[in-house]
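Everything below concerns the one structure shown next.
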Amino acid sequence: MVAPEYYLLLAAAVFCIGLFGVLTRREALYFLMSVELMLNAANINFVAFSAYYGDLTGQVFSLFVIALAAAEVAIGIGIILVLYRNFGVTDVTVPRGMRW
Amino acid sequence: MSVQQPSTVEPLAALPAQTGAAPLPEWTALGPVLALVAAGLLLLLWDTVFPNRRTNTELSVIAAVGSLAALALSGWYLAAGTGRPATGGAITLFAEAITIDGLALFFTAIVASVTTLVVVASRDYLTDHETPGEFYSLVVLAAAGMALLASASSLATIFVALEMVSLPSYALVAYLKENRGSVEAGLKYFLVGAVSSAIFVFGISLVYAATGSLLLSDVAAAFGDLGDLAGVAGVGVVMMIAGFAFKTASVPVHFWAPEVYEGAPAPVSAFLSSASKAAGFAVAFRVFTEAFHLGGEVTAVGIDWALVFAVLAVVTMTLGNFAAAVQTEVKRMLAYSSIGHAGYALIGLAAISAGGSHNGAVMGASMAHLFVYGFMNTGAFLFIAMVERWGVGRTFEDYAGLGTVAPMASVAMTVFMFSLAGLPPFGGFFSKYFLFAGAVFNGFWWLAAVGALNSVLSLYYYSRVVKAIWIEDPTDALAAVDSRPTALYGAVIVAAVATVVVLPGFGPVIETAEAAATALFG
């Protein structure tokens with residue numbers, strides 16, 4: 001059996017790749033994919049440590065996370081659609097009507 | 001359904017026992033949540049059966065009845081002592097994934113009252129919109145998520161409930177889909193929210209990796225002896241704080257709030273800044289006291305989390321109040337003031353010392369503050385909804401002379417502003433007084449001092465609104481005030497009355513809150 005530390009490292013790496021994508025990509029669809037990576041990094045931890053502890057909770061919860069990620073993407077696509085209708089782009093840095 | 005021993009199960013004993021009836025079955029403890037879910041589904045059904053209605057009065061009535069039922073149920077349970085130690089302790093359902101105790105019922109009452117005000121006010125705000133059915137069902141279903149969030153006692157239910165709140169909220173903020181401000185706000189809320197929930201769930205996964213369980217009680221037990229995995233658990237807790245900060249609009253994930261509250265339809269801003277914030281605090285209170293040993297003799301992972309919250313509280317309230325002081329638009333000012341109030345409420349987590357005798361009092365005062373804030377802040381945003389509906393304008397100058405054309409609502413707005421600032425005759429004064437007093441008694445006088453200084457500063461920008469409404473001369477913009485939206489008016493007046501009535505009725509509120517908070521530390 002692979003030692004659990006390697007799963008933690010793998011999950012952390014996937015999470016950081018996702019976070020990097022979120023911070024650098026301007027295209028809304030890339031943003032969705034990057035968030036998906038971050039969520040799946042959590043799933044790696046859940047499944048790996050579920051097996052490590054011999055406890056099913058983590059595996060079942062990773063299914064919950066997958067379902068919620070799908071729901072989140074559905075809402076996200078809807079918002080990106082109205083973004084495109086109003087601003088004509090799917091670049092998340094274009095809407096600047098209000099200052100941060 | 002329950003894992004409790006039959007001998008200890010005596011739910012809802014107080015009221016039915018007096019009348020001689022058998023105790024209600026345990027699942028009825030979830031009644032408030034079920035009432036909100038039922039109302040949400042009924043709204044969708046109604047909208048499907050009668051898709052071409054020109055009026056949204058029926059929808060508004062269904063939503064209001066559902067949220068009033070939730071309010072009545074949670075109020076009844078609170079009065080009957082459901083989930084209190086005296087009546088058999090907290091009621092746990094679904095293998096301890098859900099716990100109904102004083103904290104859950106108290107925050108459910110806050111959420112239900114805010115929801116009632118918002119759905120009633122929305123009848124007038126949404127008069128000319130094509131699809132009001134979705135709006136009402138999303139509001140009510142999000143409220144159900146918030147009520148569930150307050151009762152969730154497993155990291156799994158917490159995350160699912162958190163998403164049940166977030167997903168409808170994104171859609172609600174972007175509800176005015178022809179309005180660029182609303183769409184921009186919805187996009188920014190979604191971007192920040194999606195990243196925060198991903199960070200939050202990664203934090204949960206690290207806590208699970210370190211402890212092997214998602215139940216708060218098991219996590220607490222495992223945190224006593226983590227061994228090599230203490231670092232993993234510590235990172236997990238920090239990431240979970242980021243998730244809570246997003247929901248409560250506190251530093252470091254506060255920056256979405258001004259944009260979102262400004263761009264969203266005003267009733268949605270009221271809903272998010274009052275109910276959603278309260279629900280976020282509910283779950284933060286529960287997770288940190290039950291799972292992460294806040295207020296215990298041994299802190300989780302050897303870090304003093306109360307000190308972390310103290311720093312966040314000071315930064316949040318100072319940043320919110322200073323930024324609010326320089327705004328030119330009333331709605332944006334209220335958004336920053338909402339960040340400032342998140343800072344005050346954070347004192348409930350910050351002024352907790354190991355084994356401190358006033359821990360329950362501080363957290364209870366913070367809960368009472370969120371209760372009062374639910375009325376005064378919702379009322380203030382609904383007043384802005386009314387002004388938006390008239391089309392008067394958004395800046396302080398545009399509000400000049402509103403008192404001459406809408407005196408009743410302007411009196412109500414004055415009450416909200418002075419209560420938010422914490423002036424003595426109103427509810428906001430009492431909750432802040434108890435909060436700062438609790439912090440001082442627990443040895444955190446400097447936290448109370450920063451809070452008091454911030455309150456003084458906040459009086460400046462709140463009174464700017466009052467000055468514009470009553471003292472400055474009316475402008476031509478007031479010609480737009482041509483209608484009397486009855487439901488909006490009613491909601492604003494009810495919120496104002498509630499803010500004032502808290503004056504004689506504050507005793508039961510603070511007692512209930514302190515009892516609920518003390519039970520968490522017990």
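Chain naming here is simple, since letters A, B, ... match the order of the sequence lines and numbering starts at 1 in each. Keep in mind that this is a model prediction, so the values were computed, not measured.
- Within residues 9-18 of chain A, the residues having any heavy atom closer than 4.5 Å to a heavy atom of chain B are A/A11, A/A12, A/F15, listed by residue number.
- If you run ring pair (Phe, Tyr, Trp, His ring centres under 6.0 Å) between B/Y208 and each of A/F49, A/F46, A/Y52, only A/F46 comes through.
- Side chain of B/R180 to backbone of A/N86: a donor-acceptor contact under 3.5 angstrom is found.
- Under the rule for a ring pair (Phe, Tyr, Trp, His ring centres under 6.0 Å), A/F31 has no partner lying at least two apart in sequence or in another chain.
- Of all heavy-atom pairs between A/L39 and B/A198, the closest is CD2-CA, 3.8 Å.
- For B/K331, the NZ atom counts as densely surrounded, since its 6.0 Å shell holds more than 12 non-hydrogen atoms of other residues, nucleotides or ligands.
- Neither the backbone nor the side chain of B/D228 comes within less than 4.5 Å of any heavy atom in chain A.
- When the shell of 6.0 Å around CZ of A/R25 is examined, it contains 12 or fewer heavy atoms from other residues, nucleotides or ligands.
- Residues in residues 210-224 of chain B take part in these side chain to side chain donor-acceptor pair (under 3.5 Å) pairs, two or more places apart or across chains: B/E96-B/S217, B/S213-B/D218.
- Neither the backbone nor the side chain of B/A323 comes within less than 4.5 Å of any heavy atom in chain A.
- Of the atoms belonging to B/V232, it is side-chain heavy atoms, and not backbone ones, that fall under 4.5 Å from chain A.
- Across all non-hydrogen atoms, the minimal contact from A/F61 to B/L155 is CZ-O, 4.3 Å.
- In this structure, B/L206 and A/L8 approach most closely via the heavy-atom pair CD2-CD2, 3.8 Å.
- Put simply, of B/A209, B/A174, B/P168, the one with the most heavy-atom pairs under 4.5 Å next to chain A is B/A209.
- Remark: B/F190 engages B/Y170 in a ring pair (Phe, Tyr, Trp, His ring centres under 6.0 Å) (not counting sequence neighbours).
- The shortest heavy-atom contact between A/E72 and B/L167 is CA-CD2, 3.7 Å.
- With a 4.5 Å cut-off on non-hydrogen atoms, B/L215 does not touch chain A at all.
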